[in-house]
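To start, the structure under review is shown below, and the notes come after it.
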There are 2 protein chains.
Amino acid sequence: MTISLSDIAERAGVSVKTVSGALHGGSARMSDETRQKVKAIAEELGYVTNLAARGVRQGWLPLVGVVSDGLITSPFATEIVRGLDGAARSAGMAVFAVNHSSGQSIGSVLDEVQQFRPRAVAYAAMYHKDVDLPPTLAGSVGVMINCREASGRVTSLVPDEEGGAREIVRYLLAAGRRRIAFINLPGILAGSLREKGFRAALEEAGIDPLGVFPAVRRSVYSDRAPSLVSSHVEALLSGQRPDAILCGNDRVAMEVYAALARAGLRIPDDIAVASFDNQVELASRLDPPLTTMALPHRAMGRLAMEILLAGQPEPPHLRQLPFHLVERASV
Amino acid sequence: MTISLSDIAERAGVSVKTVSGALHGGSARMSDETRQKVKAIAEELGYVTNLAARGVRQGWLPLVGVVSDGLITSPFATEIVRGLDGAARSAGMAVFAVNHSSGQSIGSVLDEVQQFRPRAVAYAAMYHKDVDLPPTLAGSVGVMINCREASGRVTSLVPDEEGGAREIVRYLLAAGRRRIAFINLPGILAGSLREKGFRAALEEAGIDPLGVFPAVRRSVYSDRAPSLVSSHVEALLSGQRPDAILCGNDRVAMEVYAALARAGLRIPDDIAVASFDNQVELASRLDPPLTTMALPHRAMGRLAMEILLAGQPEPPHLRQLPFHLVERASV
DNA sequence: AACTAATGGGTAATCGATAACCCACAAAGG
DNA sequence: CCTTTGTGGGTTATCGATTACCCATTAGTT
């Protein structure tokens, strides 16, 4: 029971193509009078463009498909969508997000998206990782976000983990800290890259790292299992006490805060704490508020959309985007 | 350069309609041989259904539009989408999320969605609130999620705040707690409804509440502003000490934990702490893990989709969904 | 053997919007 | 006065899939 162009045409006493031209074809030649009349009638009837119909003709819908590795759930991932959405909107496109649940193959999810004939498709990972796209599918994905595509056939946007780690360590050094420890996230790509940056920054200052510890996350399903973070902190404090602890993420920092509080140490006077993520709700509410490196999620989203919608695609490459230091009171 | 039914038809030496029947019309009468041959060729050519084309004919695309009040950003809101998505998937529908940014009118966002001719549209709020849908638009929204529609023209699904509060208080009472305080969230609908439940549960047990405090959130933009939560806790401790503190959400609970730690009190031995939200990342990581009432977000999403896709719509009504107690170690 | 019924499949219209093409008319130029 | 140019707008084909309708063949009935 929706209104179509022909309803408007009939009512206005003109042809369908004239209505189409008046409403959508910006430059279609036609008297201003006709255009106004058609627009008025369209408005009156409550006409809403049928993009499906246009899509058949055009061969695509004004959609950009975003296949994400798991549901867009984390606060950082949301930032990716925010970046994508902003850029898409200004190009008259809508973002169509589909999650790649663990049971499915990438191919089947991509097919699911392709059914809607999107203008372009991106693949986004929830955390920085390596992703293998089957060779046949490389052509249907325009950009990989927050992950490195192994074959190099697709442009990938990732955070510059190494550079980010270097920057925060330099910042700690500039603040006069010398005995710096790193409670890192184990077993993930970001962790190993950051460790490289961490060591490089200390090396260039001629300082030895006080230690790099893996922080095992406390599983959601075993609430009673103690975290390794506090034992790492205790180990650190029992030796040559550090004057700064760099944490793999804000949640680790939260545990570090608790452990330091138990030991009666003040932040940042006795020990500075810094981390990665800038999970605002958490970082800004800790006491003292946490200094942390914000991931370039929004920028990755925005850039991804620009690449997707650009007429002339660049040759595939890996692009590393810089972190952004958020200074609060913990250093 | 995509494959269409006619490409397959040509290759198979049959008509387009036969191909259509073989691939999509499950019950179309046709020899098994033909069907298999067509399917094989479709597979070989990598055919992907063009939903836009089907959509023109059908009058709608297999999409359910979800207009959300701000970007789907909070972890709880994600649960709504998860619920919607699961139910949509099993009905062969995809969820098309569009965010209602503050600058836009609801009408214009709805039009934006309607352009894609979705099968149904829902409106979801990020936190429990009242929403006024302009009368003209009431017809185009099938369900309101996490908000109450004022006119009563649209079915609304909301958490049963009052019941949830009653339940957690009864739980505290059952655990032997008698002097219970409530550090609530001020100025929001959920807060006032929970307060009713809080008082009701205590009243039915013949116990006076130890106090209800509004907790002013520390603004993200003024990191240095002290939270009122800790002063509330201090006030509580200086009087007749409570044996349980119910918190408006997990973040408030986090601040309460910190304040109690400073006062040298143990949880739950000296004071039990409970709250609302079940923000898993936070609640399960606090020490001790936090007992909290989980919001029925996933259930609201699932039920919303069922209502949207049900053939026979019920008359509009307000439906309150129960919270779910997540027992951890803080009580 | 003729007639009905079922089966397999083709023809062509249709959905709504767009676009290539054509036509009628008026103004301008020679 | 005739031709050119431009302007406003209609005709009709098209995109890809679906569907109402029709036709041919074969199997089953009497």
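Chain A is the first sequence line, chain B the second, and so forth, proteins listed ahead of strands; every chain is numbered from 1.
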Subject >> Nearest-nucleotide pick for A/N50, side chain only, options being D/dT18, C/dA17, D/dG10 >> reply: C/dA17

Subject >> Nearest-neighbour nucleotide for the A/V56 side chain, D/dC15, C/dA17, D/dG10 considered >> reply: D/dC15

Original post:
Atom CD of A/E33 to atom P of D/dT7: distance rounded to whole Å?
Top reply: 17 Å

**OP:** Send over the distance from B/Q114 CD to C/dG16 P, rounded to a whole Å.
**Re:** 15 Å

Original post:
Base, sugar-phosphate, or nothing for A/R57, non-hydrogen atoms under 4.0 angstrom?
Top reply: base

Subject >> Separation of C/dC15 C1' from A/I3 CD1 (nearest whole Å) >> reply: 15 Å

Subject >> Qualifying ring-ring contact (aromatic ring centres under 6.0 Å, His included) pairs with a residue from residues 117-143 of chain B, counting only residues at least two apart or across chains >> reply: none

Original post:
According to a strict under-4.0 Å criterion, is B/S20 in side-chain N/O contact with OP1 or OP2 of D/dT18?
Top reply: yes

**OP:** Write down the distance between NE2 (A/H24) and C1' (C/dA19), rounded to a whole number of angstrom.
**Re:** 14 Å

Original post:
Given atom NZ of B/K37 and atom P of C/dG9, what is their separation to the nearest angstrom?
Top reply: 8 Å

Distances for protein N or O near nucleotides 22-25 of chain D N or O, under 3.5 Å:
none

Original post:
D/dG10 phosphate, OP1 or OP2: any side-chain N/O from A/T18 under 4.0 angstrom?
Top reply: yes

**OP:** To the nearest Å, give me how far apart CG (A/L5) and P (D/dG9) are.
**Re:** 16 Å

Original post:
Does the side chain of B/L309 reach to within under 4.5 Å of the side chain of B/M93, using non-hydrogen atoms?
Top reply: yes

**OP:** Could you work out which one of D/dG9, D/dA20, D/dA17 sits closest to the side chain of B/K17?
**Re:** D/dA20

**OP:** Apply the test side chain to side chain contact (heavy atoms under 4.5 Å, CB included) to residues A/E306 and A/L303: give CA-CA distance (whole Å), side-chain angles for both, the deciding distance (0.1 Å), then the verdict.
**Re:** CA-CA 5 Å; A/E306 282 162 12; A/L303 182 57; 3.9 Å; yes

**OP:** Evaluate side chain to side chain contact (heavy atoms under 4.5 Å, CB included) for A/R117 paired with B/N50, printing each intermediate quantity in order.
**Re:** CA-CA 7 Å; A/R117 296 292 189 275; B/N50 184 330; 3.6 Å; yes

**OP:** Taking the side chain as every heavy atom from C-beta outward, state whether B/P316 and B/V154 have any pair of such atoms under 4.5 Å apart.
**Re:** no

Kindly list each side-chain donor-acceptor pair under 3.5 angstrom involving residues 131-144 of chain B, sequence neighbours excluded, with atom names and distances?
| from | atom 1 | to | atom 2 | distance (Å) |
| --- | --- | --- | --- | --- |
| B/S140 | OG | B/L137 | O | 2.9 |

Check: residues 52-66 of chain A side-chain donor-acceptor pairs under 3.5 Å, at least two apart:
| from | atom 1 | to | atom 2 | distance (Å) |
| --- | --- | --- | --- | --- |
| A/R54 | NH2 | A/H24 | ND1 | 3.3 |

Original post:
Between A/S102 and A/Q104, is any side-chain donor less than 3.5 angstrom from a side-chain acceptor?
Top reply: no

Original post:
CZ of B/R319: more than 12 outside heavy atoms within 6.0 angstrom?
Top reply: no

Subject >> Helical bend (five base pairs per end, nearest 10°) for the helix from C/dA1-D/dT30 to C/dG30-D/dC1 >> reply: 60°

Subject >> Which residue lies more 5' along DNA chain C, comparing B/R117 with B/S15 via nearest heavy atoms >> reply: B/S15

**OP:** Mind calculating the distance between CD (A/Q58) and C1' (C/dA20) to the nearest angstrom?
**Re:** 14 Å

Original post:
What does B/V16 touch in the nucleic acid at a heavy-atom separation under 4.0 angstrom: a base, only the sugar-phosphate, or nothing?
Top reply: base

Subject >> Pairs satisfying ring-ring contact (aromatic ring centres under 6.0 Å, His included), at least one member in residues 32-58 of chain A, at least two apart >> reply: none

**OP:** Verify the contact: side-chain N or O of A/T34 to OP1 or OP2 of D/dG9, cut-off strictly under 4.0 Å; return yes or no.
**Re:** yes

**OP:** Would you kindly give the CZ-to-P distance between A/R54 and D/dG16, to the nearest whole Å?
**Re:** 17 Å

